[in-house]
Q: 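Before anything else, here's the structure in question.
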Amino acid sequence: MSNSNGWGLTARLISKHFGALGDRVSEAIANFDPETATEADRDRLADSLRSTAQKLAAARASFEKERTDVVKLRELIATDEKATGTLAERLAAGKISEATITLFCDELEANKARMPQEEQEEADAKQYMDELQTIVDALAKQLSEFDAAAKKAMQQLATAKAQQACSRCAPSARASWPACPACAATPAP
């Protein structure tokens, strides 16, 4: 449960990393023009998306672990608080020692003191996950725009080739063909 030194360091590294990564992603997104991008640009973008998605999956798993830790600690504290009444009755009846009660109360207080730290670790993990999700969404949008632009360009190329083939159909060829072989349109007589 407690890895506060690790998360504190991770949080500082994340802020530095995301400062630099965020700048690089922002720059890449700003400079990425789906109309003029090459296939190599698309491949780099797809690789970045894949890599960031893998980091996002790891961040989600880490967040879930931290959230589970917080839930378990809350349940433990609630259970221990319910048990204090029973323990007080047993102490009054002389069934348990005061040392046992003291130990129990010390553990309960230690768990309560640890709760803010655990909640902060959960919040840090969620923030990291959300930042990665934002980056993945931006990269996916860019990739989608590239693919749409590439598809549009291919359609325009096919249309241009068809138009060029039709312009080659000489009036004498049109009379001998029942349909234009390039566009499958029936020429005018």
Q: Could you work out, with salt bridge (charged side-chain N to carboxylate O under 4.0 Å, His left out) as the rule, every residue matching R50, not counting sequence neighbours?
A: D47
Q: With E109, which residues qualify under side chain to side chain donor-acceptor pair (under 3.5 Å), at least two apart?
A: none
Q: What heavy-atom pair brings M129 and A59 nearest, and what distance separates the two atoms?
A: CA-CB, 4.0 Å
Q: Rounded to the nearest 0.5 Å, what's the gap from OG on S51 to CG on L139? Could you check?
A: 9.5 Å
Q: Only pairs at least two apart or in different chains count here, so list each side chain to side chain donor-acceptor pair (under 3.5 Å) that has a residue in residues 92-104.
A: S97-T100
Q: Does T86 have any side chain to side chain contact (heavy atoms under 4.5 Å, CB included) partners at least two apart in sequence or in another chain, and if so, which?
A: R90
Q: Any carboxylate oxygen within less than 4.0 angstrom of a Lys/Arg side-chain nitrogen, looking at E119 and R74?
A: yes
Q: Can you name the residues that form a side chain to side chain contact (heavy atoms under 4.5 Å, CB included) with A110, not counting sequence neighbours?
A: none
Q: From L56 CG over to Y128 OH, what is the distance, rounded to the nearest 0.5 angstrom?
A: 9.0 Å
Q: Output yes when K72 and E75 qualify as a salt bridge under the 4.0 Å nitrogen-oxygen rule, no when they do not.
A: no
Q: Quick one: closest heavy-atom pair of E122 and V70, and the distance?
A: OE1-CG2, 3.6 Å
Q: Between T52 and L49, is there a donor-acceptor pair closer than 3.5 Å when you use the side chain of the first and the backbone of the second?
A: no
Q: Mind checking what makes salt bridge (charged side-chain N to carboxylate O under 4.0 Å, His left out) contact with D130, not counting sequence neighbours?
A: K126
Q: Between D69 and K65, is there a salt bridge with N-O shorter than 4.0 Å?
A: yes
Q: S62 side chain to A58 main-chain N or O, any donor-acceptor pair under 3.5 Å?
A: no
Q: Classify the side-chain pair Q133/D137 by whether it contains a donor and acceptor separated by less than 3.5 Å.
A: yes
Q: With the side chain counted from C-beta on, respond yes when D41 and R44 share a heavy-atom pair under 4.5 Å apart, and no when they do not.
A: yes
Q: If you measure from CZ on R67 to CD on E64, what distance do you get to the nearest 0.5 Å?
A: 4.0 Å
Q: Return the set of residues passing side chain to side chain contact (heavy atoms under 4.5 Å, CB included) with L87 (not counting sequence neighbours), or none when no residue passes.
A: I96, I101, F104
Q: Between L76 and N111, which heavy-atom pair has the shortest distance, and what is it?
A: CD2-ND2, 3.2 Å
Q: Under the rule for side chain to side chain contact (heavy atoms under 4.5 Å, CB included), what residues qualify as partners of S144, not counting sequence neighbours?
A: none
Q: When rounded to the nearest 0.5 angstrom, what is the spacing between CG in L91 and OG1 in T84?
A: 12.0 Å
Q: Who pairs with Q120 by side chain to side chain donor-acceptor pair (under 3.5 Å), at least two apart in sequence or on another chain?
A: D124
Q: The criterion is side chain to side chain donor-acceptor pair (under 3.5 Å); which residues satisfy it with D80, sequence neighbours excluded?
A: none
Q: Can you list, by chain and residue number, the hydrophobic cluster partners of M154 when the side-chain cut-off is 4.5 Å?
A: none
Q: Any side-chain heavy atom of K152 sitting closer than 4.5 Å to one from Q156?
A: yes
Q: For T134, check side chain to side chain donor-acceptor pair (under 3.5 Å) against everything at least two apart and list the hits.
A: none
Q: Would you say R42 and D147 make side-chain contact, with heavy atoms under 4.5 Å?
A: yes
Q: I'd like to check E107 versus K112 (side-chain heavy atoms, cut-off strictly below 4.5 Å). Are they in contact?
A: no
